[in-house]
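Please read the structure below before turning to the comments.
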Amino acid sequence: MKQTKIQILPSLLAADVGRLADEVRRAGTAGADALHVDIMDAHFVPNLSFGPTVVSMAHAEVTLPMNVHLMMDNPENYAERFIKAGAHTLLIHAEIAGDRRALLRRIRGWGARAGITLNPETPLTAMDGLLEEVDEVLCMTVHPGYGGQSFIAEVLPKIAAARAAISASDRAVDLSVDGGITIETAAAAARAGANLLIAGTSLFGKSDMAAAVRAMRHVCEAAWQTSNV
Ligand code: DX5
Ligand code: ZN
């Protein structure tokens with residue numbers, strides 16, 4: 001049996017905002033491995049979502065690690081605040097202007113895991129030279145900005161190429177996918193080499209989130225066994 005490190009991360013964007021603390025606790029008791037929190041600045045993406053206060057609220061409610069996805073043009077202005085708020089992993093986007101290497105190093109220097117995110121059309125070469133600076137590579141499987149979109153299957157070859165690059169590097173880097181992740185698309189992504197599955201609608205949208213997390217983990221572990229990873 002190949003070793004698996006499949007992790008299931010509910011995305012808070014799909015939670016009932018009127019009951020946000022309850023929803024965070026629901027993810028905590030559902031057997032999730034971490035909580036994904038989307039931060040949108042209305043510039044990098046055409047939407048607004050949460051800020052550092054939501055990360056600190058969630059961090060106070062559950063022991064789950066906070067996986068914080070910065071969809072921001074200037075993440076350097078906020079990175080430290082999100083880490084102080086409790087971010088365990090801070091993901092920036094590869095498409096931003098500015099010195100990404102320096103920021104990834106600062107994120108790690110502040111004690112968090114650092115991650116780099118690629119939009120669906122962004123090639124893997126956009127993170128050339130950055131793999132050694134990160135603990136997680138996130139391949140977006142929708143165009144970021146909104147929940148509830150459909151998985152873009154054309155990203156699968158890039159996921160496989162990212163996994164191959166990670167394996168060749170001999171470093172323990174997680175490979176995550178985000179957007180349109182359902183039980184079916186999660187299995188396809190895991191078969192391509194993803195080990196962190198981020199899902200909003202298909203987990204928070206279920207009345208029994210624990211069953212949905214269990215089912216997703218089960219299909220992904222099976223898919224991982226049949227993959228070339
Ligand atoms: C999209 C966000 C995702 C979002 C996914 O920009 O980055 O984390 O919550 O939502 P679903 O799983 O509904 O596609
Ligand atoms: Zn996200």
Side-chain angles (χ1 to χ4, degrees), residues 7-17 20 23-24 26-27 30 32-52 54-55 58 64-73 75 78-79 82 87-96 112-122 134-156 158-159 174-190 194-207 209 212-213 215-217 219-220:
Q7 293 189 32
I8 309 296
L9 285 70
S11 176
L12 195 62
L13 194 66
D16 178 350
V17 179
L20 211 48
E23 291 284 76
V24 167
R26 191 157 73 97
D33 296 287
L35 185 69
H36 182 81
V37 187
D38 287 308
I39 311 298
M40 303 179 182
D41 68 349
H43 289 276
F44 184 79
V45 289
N47 199 3
L48 282 165
S49 59
F50 306 128
V54 169
V55 175
L64 291 180
M66 296 294 139
N67 179 274
V68 178
H69 178 188
L70 299 182
M71 284 162 272
M72 307 179 72
D73 273 337
Y78 281 87
F82 280 104
H88 180 250
T89 301
L90 211 52
L91 294 144
I92 64 166
H93 267 263
E95 300 83 6
I96 58 166
R113 294 168 81 249
I116 189 99
T117 309
L118 302 170
N119 278 340
E121 280 81 19
T122 303
V134 300
D135 306 286
E136 181 173 336
V137 175
L138 167 56
C139 288
M140 290 304 298
T141 43
V142 296
H143 297 114
Y146 298 91
Q149 303 181 73
S150 298
F151 181 82
I152 301 172
E154 287 76 11
V155 180
L156 286 168
K158 183 170 71 184
I159 297 167
D174 287 310
L175 179 56
S176 48
V177 284
D178 182 15
I181 298 298
T182 62
I183 196 136
E184 293 83 14
T185 60
N195 70 300
L196 264 62
L197 294 302
I198 298 162
T201 311
S202 73
L203 296 179
F204 273 105
K206 297 279 177 5
S207 55
M209 197 197 294
V213 167
M216 192 175 284
R217 191 188 305 285
V219 297
C220 290

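When a ligand or atom number is given, it counts from 1 through the structure's own listing order. Note that these values count all heavy atoms, side chains included, but never hydrogens, waters or copies made by symmetry. By convention here, the first residue in the shown sequence is residue 1.
The heavy atom nearest to atom 1 (C) of ligand 1, considering only F151, Y146, F204, is found in Y146. Proximity annotation for atom 9 (O) of ligand 1: of G179, S11, G180, S11 comes nearest, heavy atoms only.
For ligand 1, the polar-atom distance check against G200 finds a nitrogen or oxygen pair separated by under 3.5 Å. Not one N or O of A199 is nearer than 3.5 Å to an N or O of ligand 1, by distance alone. Ligand 1 has no nitrogen or oxygen under 3.5 angstrom from a nitrogen or oxygen of I198. Residue contacts with ligand 1: M71 is placed with no nitrogen or oxygen under 3.5 Å of a nitrogen or oxygen of the ligand (distance criterion only).
Here the side chains of H43 and M72 are not in contact, with every heavy-atom distance at 4.5 Å or above. Residues N47 and D38 are not in side-chain contact: their nearest non-hydrogen atoms beyond the backbone lie 4.5 Å or more apart. Side-chain contact between I96 and P75 is present, with at least one heavy-atom pair separated by less than 4.5 Å. Using a 4.5 Å cut-off on side-chain heavy atoms (C-beta onward), V177 and T185 make no contact.
The CG atom of N67 sits 5.0 Å away from the CD atom of E136 when rounded to the nearest 0.5 Å. We find the CG-CD1 distance between L90 and I116 to be 11.5 Å, quoted to the nearest 0.5 Å. The structure places CD1 of I39 at 4.0 Å from CZ of F82, a figure rounded to the nearest 0.5 Å.
Note on ring orientation: taking the six-membered ring where Trp is involved, the planes of H36 and H69 are tilted (angle from 30° to 60°).
Nearest non-hydrogen protein atom to atom 11 (P) of ligand 1 is G148 N, 3.6 Å. If you check which protein heavy atom lies closest to atom 6 (O) of ligand 1, you get G145 N, 2.7 Å. Closest to atom 3 (C) of ligand 1, if we only count protein heavy atoms, is D178 OD1, 3.0 Å. Nearest protein heavy-atom neighbour of atom 13 (O) of ligand 1: T201 OG1, 2.4 Å. Protein heavy atom closest to atom 10 (O) of ligand 1, with residue, atom name and distance, is G147 CA, 3.5 Å.
For the pair L118 and A94, the tightest heavy-atom approach, listed with the atom from each and the gap, is CD2-CB, 3.6 Å.
Here the angle centred on the Zn ion (ligand 2), running from OD1 of D38 over to ND1 of H69, is 90°, rounded to 10°. Considering the Zn ion (ligand 2) as centre, the angle to NE2 of H36 and to OD2 of D178 is 100° (10° rounding).
Within ligand 1, counting atoms from 1 as listed, the ones closer than 4.0 Å to a heavy atom of H69 are 7 (O). Atoms of ligand 1 lying under 4.0 Å from at least one heavy atom of M140, given by number and element, are 7 (O). Taking every non-hydrogen atom of P144 and a distance limit under 4.0 Å, the qualifying atoms of ligand 1 come out as 6 (O). Ligand 1 places these atoms under 4.0 Å from at least one heavy atom of D38: 2 (C), 3 (C), 4 (C), 7 (O), 8 (O), 9 (O). Those atoms of ligand 1 that come under 4.0 Å of a heavy atom in H36, given as number and element, are 8 (O).
A heavy-atom separation below 4.0 Å is not found between H143 and ligand 1.
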